[in-house]
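Read through the structure below, which is laid out as structure tokens, and then see the notes.
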Amino acid sequence: MHLVPNPDDDDFYYEDDTFDPDAPTLTSRQSYVVSKVATELADAVFADAHLLGDLPVQPGSGRGVLAELPACTWTQDATWRRTMARAFDDLSADATATVDPEPRCTGEEMALHLIIGRARIAMLSDRFAEELTDLPAHKNDDYWDDPLDYLFQDHDVLTLFWPEPIPDGVNLDPEDWFIPFETGLRRDDDRGFRK
């Protein structure tokens, strides 16, 4: 009895199409910076959700991250805002575990766009230079354009900044932002919120 398939045996041999050693991925340093920036953004959104409660976001009010979201989100309640903060936390946890933070819902897509924008600036300004010295350097450490391609299925969520968003985008209504794109992508419903 063979518990492990023998690659020389035609009856057991198969090719695994799910593993591609050449697939693009974040570098170790990029993952670190993404994790740190995502946690900082989560902290800011949790704080603003606490301060604002259910009050609408006012542009220029100092509610930085929430004000950077599309205007259609500005009247969402505190629970929605805490769920948005958790989206940043979930992506941070992915990056900390050195798993590429591929968005599982529209809220995570928007969060990751903000994360990558700030991570790029942080990396170029050497903000985390001291912390990164223990991680291996890679030629793509400062290159952030490719992640915008391979981490996202599409960029429909960015059309919410347009006067008229695309009509057939998936889950673009803020009420639908946290519905998983696929059932198998659902995160643990019992994970709660960070305190």
Does any N or O in the side chain of His113 come within less than 3.5 Å of the main-chain N or O of Leu148, such that one atom is a donor and the other an acceptor?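 The answer is no, because no donor-acceptor pair under 3.5 Å joins these two groups.
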I need the minimum non-hydrogen distance between [X] and [Y], along with the two atoms involved.
X: Leu69; Y: Trp74; value: O-NE1, 3.0 Å
X: Gly107; Y: Met84; value: O-CE, 3.2 Å
X: Arg81; Y: Gly53; value: NH1-O, 2.8 Å
X: Glu109; Y: Asp154; value: OE2-O, 3.6 Å
X: Leu114; Y: Phe88; value: CD1-CZ, 4.0 Å
X: Asp156; Y: Gly169; value: OD2-CA, 3.8 Å

Any chance you could lay out the side-chain contact (heavy atoms from CB on, under 4.5 Å) test for His138 and Gln30, step after step, and finish with the verdict? CA-CA 9 Å; His138 190 281; Gln30 285 177 324; over 6 Å; no
In Å and rounded to the nearest 0.5 Å, what is the NE2 to CD1 distance from His155 to Ile166?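 If we round to the nearest 0.5 Å, His155:NE2 and Ile166:CD1 are 11.5 Å apart.
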Can you tell me how far apart CZ (Phe178) and OG1 (Thr106) are? Round to the nearest 0.5 Å.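 The distance works out to 9.0 Å.
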Please report the C-alpha distance between Arg104 and Arg186 in whole Å, then the side-chain angles of each, then the deciding distance to 0.1 Å, and finally whether the side-chain contact (heavy atoms from CB on, under 4.5 Å) criterion is met. CA-CA 7 Å; Arg104 301 181 185 196; Arg186 179 177 294 281; over 6 Å; no
Got a sec: does the NE2 of His50 have more than 12 other heavy atoms crowding it under 6.0 Å?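 Result for NE2/His50: open.
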Would Asn140 and Thr27 count as a side-chain hydrogen bond (donor to acceptor under 3.5 Å, both in side chains) if you check the C-alpha gap in whole Å, the side-chain angles of each, and the deciding distance to 0.1 Å? CA-CA 7 Å; Asn140 292 339; Thr27 70; over 6 Å; no
Between Ile116 and Val37, is a side-chain contact (heavy atoms from CB on, under 4.5 Å) present by the stated rule, with each step listed? CA-CA 8 Å; Ile116 288 178; Val37 167; over 6 Å; no
Just to verify, which of Asp141, Asp145, Asp142 counts as forming a salt bridge (charged side-chain N to carboxylate O under 4.0 Å, His left out) with Arg120?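 Per the salt bridge (charged side-chain N to carboxylate O under 4.0 Å, His left out) rule, the option paired with Arg120 is Asp145, out of Asp141, Asp145, Asp142.
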With a 4.0 Å cut-off, would you call Arg191 and Asp90 a salt bridge?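 Looking at Asp90 together with Arg191, the answer is yes, because their closest N to O distance falls below 4.0 Å.
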Salt bridge or not for Arg187 and Glu108, using N-O below 4.0 Å?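 Salt bridge flag = yes for Glu108 with Arg187.
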Would you say Phe46 and Asp89 make side-chain contact, with heavy atoms under 4.5 Å?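 Phe46 reaches Asp89 side chain to side chain.
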With hydrophobic residues grouped by side-chain heavy-atom distances under 4.5 Å, do Val157 and Trp162 end up in a single group?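 Yes, it is one cluster - the side chains of Val157 and Trp162 are joined through contacts under 4.5 Å.
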Can you say whether the rings of Trp80 and Trp177 are parallel (under 30°), tilted (30 to 60°) or perpendicular (over 60°)?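 Trp80 and Trp177: tilted rings.
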Apply side-chain contact (heavy atoms from CB on, under 4.5 Å) to residues Leu66 and Leu52 and explain how you reach the verdict. CA-CA 10 Å; Leu66 292 176; Leu52 276 177; 4.0 Å; yes
Is a donor from one side chain sitting under 3.5 angstrom from an acceptor on the other, for Ser31 and Thr98?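 Thr98 and Ser31 do not have a side-chain donor-acceptor pair below 3.5 Å.
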